[in-house]
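Excluded from the calculations below are hydrogen atoms, water molecules and symmetry mates; all remaining heavy atoms, backbone and side chain alike, are included. Here, residue 1 is the first one in the sequence, and each next residue gets the next number. Both ligands and their constituent atoms are indexed starting at 1 by order of listing.
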Amino acid sequence: MGRFDGRVAVVTGAARGIGFGTATRFAEEGASVAIIDLDESAAAEAAARLPLQGNAKAVGIGCDVSDAASSEAAVTRVVEELGGIHVLVNNAGVTRDNLLFKMTEDDWDLVMNVHLKGAFLMTRAAQKHFVEQKYGKILNLSSVSALGNRGQANYSAAKMGVQGFTRTLGIELGPFGINANAIAPGFIATEMTDATAARLKIDVEDFRKMNADANPVRRVGFPEDIAAAAAFLCSDEASYITGQTLYVDGGAKLG
Ligand code: NAP
């Protein structure tokens with residue numbers, strides 16, 4: 001008996017990285033899973049690799065979460081193809097790092113649109129179903145960078161915005177049987193952090209070691225670390241927790 005038997009979980013930006021790790025965990029625990037990503041073929045390929053249990057199904061859907069029509073259409077397809085929607089993880093993300101004086105308006109807009117507007121649009125599309133059935137779990141991906149990080153004025157603002165958005169969802173949607181929480185990961189080894197290493201012209205392994213050494217638990221995080229916390233927060237065991245941001249960072253933000 002899995003915690004997500006008979007449930008349908010949607011994870012955005014899940015063709016790889018934290019999203020795929022989280023989608024995998026939901027599948028292992030019995031859910032049918034929709035993998036949403038910009039590129040439909042990458043999403044479908046990832047969906048085909050999920051460890052589905054019993055009669056659970058998976059689908060890969062191409063969608064730009066920063067586009068209202070695309071988000072609405074994706075949620076409609078999930079309901080049609082998987083028979084409902086119970087869990088939404090707003091995970092899709094991009095970085096366009098630069099010091100403020102070099103940051104372009106496009107760098108700012110893209111990051112805001114994917115992280116913040118994307119979470120809003122996907123949540124607005126899903127909540128109709130959640131409210132109707134008086135059940136839903138929303139999980140948003142914030143970041144330790146919400147607390148401020150050199151070169152990430154856009155990303156930091158978006159990720160702190162995600163925390164305010166999550167608290168407000170908790171207030172508005174709680175009466176309808178809907179929980180909304182956020183996870184703020186620290187350094188997680190994915191293509192996103194590998195790209196940061198490349199931008200800083202540091203070898204990927206050296207960059208991971210540097211971050212591990214600076215962390216109280218002396219290691220970097222992996223998608224499985226986020227997936228474990230995500231599964232708990234989206235399960236019925238966490239039904240008295242809402243509006244919260246859980247830092248999953250090996251103690252990085254302790255200072
Ligand atoms: P990742 O490996 O770069 O994966 C992000 C995924 O999101 C990619 O598949 C990407 O697709 C997709 N995506 C980008 N824009 C999209 C859009 N408009 N619509 C739909 N999908 C879109 O990133 P990750 O490291 O797994 O990060 C996942 C989430 O955790 C992000 O929100 C990130 O900000 C957050 N986070 C990560 C870390 C970390 O250390 N890795 C730390 C804190 C927070 P394409 O490949 O086609 O662009």
Are any of the side-chain nitrogens in Arg77 or Glu40 under 4.0 Å away from the carboxylate oxygens of its partner? yes
Report all N/O contacts between ligand 1 and the protein shorter than 3.5 Å as a table of atom names and distances to 0.1 Å; if there are none, say 'none'.
{"residue": "ligand 1", "atom": "2 (O)", "partner": "Arg16", "partner atom": "NE", "Å": "3.0"}
{"residue": "ligand 1", "atom": "3 (O)", "partner": "Arg16", "partner atom": "NH2", "Å": "2.8"}
{"residue": "ligand 1", "atom": "9 (O)", "partner": "Asp37", "partner atom": "OD1", "Å": "3.2"}
{"residue": "ligand 1", "atom": "9 (O)", "partner": "Asp37", "partner atom": "OD2", "Å": "2.7"}
{"residue": "ligand 1", "atom": "11 (O)", "partner": "Asp37", "partner atom": "OD1", "Å": "2.8"}
{"residue": "ligand 1", "atom": "18 (N)", "partner": "Asp64", "partner atom": "OD1", "Å": "2.8"}
{"residue": "ligand 1", "atom": "19 (N)", "partner": "Cys63", "partner atom": "O", "Å": "3.4"}
{"residue": "ligand 1", "atom": "19 (N)", "partner": "Val65", "partner atom": "N", "Å": "3.1"}
{"residue": "ligand 1", "atom": "25 (O)", "partner": "Thr190", "partner atom": "OG1", "Å": "2.5"}
{"residue": "ligand 1", "atom": "26 (O)", "partner": "Ile18", "partner atom": "N", "Å": "2.8"}
{"residue": "ligand 1", "atom": "32 (O)", "partner": "Asn91", "partner atom": "O", "Å": "2.8"}
{"residue": "ligand 1", "atom": "32 (O)", "partner": "Lys159", "partner atom": "NZ", "Å": "3.0"}
{"residue": "ligand 1", "atom": "34 (O)", "partner": "Tyr155", "partner atom": "OH", "Å": "2.5"}
{"residue": "ligand 1", "atom": "34 (O)", "partner": "Lys159", "partner atom": "NZ", "Å": "3.2"}
{"residue": "ligand 1", "atom": "36 (N)", "partner": "Tyr155", "partner atom": "OH", "Å": "3.4"}
{"residue": "ligand 1", "atom": "40 (O)", "partner": "Gly186", "partner atom": "O", "Å": "3.4"}
{"residue": "ligand 1", "atom": "40 (O)", "partner": "Ile188", "partner atom": "N", "Å": "2.8"}
{"residue": "ligand 1", "atom": "40 (O)", "partner": "Ile188", "partner atom": "O", "Å": "3.3"}
{"residue": "ligand 1", "atom": "41 (N)", "partner": "Ile188", "partner atom": "O", "Å": "3.2"}
{"residue": "ligand 1", "atom": "41 (N)", "partner": "Thr190", "partner atom": "OG1", "Å": "3.2"}
{"residue": "ligand 1", "atom": "46 (O)", "partner": "Arg16", "partner atom": "NH1", "Å": "2.8"}

Does a salt bridge link Arg199 with Asp97, judged by any charged N lying under 4.0 Å from a carboxylate O? yes
Residues 173-190 side chain polar contacts: donor-acceptor under 3.5 Å, at least two apart:
{"residue": "Asn179", "atom": "OD1", "partner": "Lys137", "partner atom": "NZ", "Å": "3.1"}
{"residue": "Asn179", "atom": "ND2", "partner": "Ser239", "partner atom": "O", "Å": "3.0"}
{"residue": "Asn179", "atom": "ND2", "partner": "Ile241", "partner atom": "O", "Å": "3.0"}
{"residue": "Asn181", "atom": "OD1", "partner": "Gly243", "partner atom": "N", "Å": "3.2"}
{"residue": "Asn181", "atom": "OD1", "partner": "Gln244", "partner atom": "N", "Å": "3.0"}
{"residue": "Asn181", "atom": "ND2", "partner": "Ile241", "partner atom": "O", "Å": "3.0"}
{"residue": "Thr190", "atom": "OG1", "partner": "Met192", "partner atom": "N", "Å": "3.1"}

From Ser143 atom OG to Gln152 atom CD, the distance as rounded to the nearest 0.5 Å: 6.5 Å
Pairs of donor and acceptor atoms involving the side chains of residues 4-12, under 3.5 Å and at least two apart or interchain, shall be tabulated with distances.
{"residue": "Asp5", "atom": "OD1", "partner": "Gly2", "partner atom": "N", "Å": "3.4"}
{"residue": "Asp5", "atom": "OD2", "partner": "Gly2", "partner atom": "N", "Å": "2.9"}
{"residue": "Thr12", "atom": "OG1", "partner": "Val89", "partner atom": "O", "Å": "3.4"}
{"residue": "Thr12", "atom": "OG1", "partner": "Asn91", "partner atom": "N", "Å": "2.9"}
{"residue": "Thr12", "atom": "OG1", "partner": "Ala92", "partner atom": "N", "Å": "2.9"}

List in chain and number order the residues that pass ring-ring contact (aromatic ring centres under 6.0 Å, His included) with Tyr155, two or more places apart in sequence or in another chain; answer none if no residue qualifies. His115
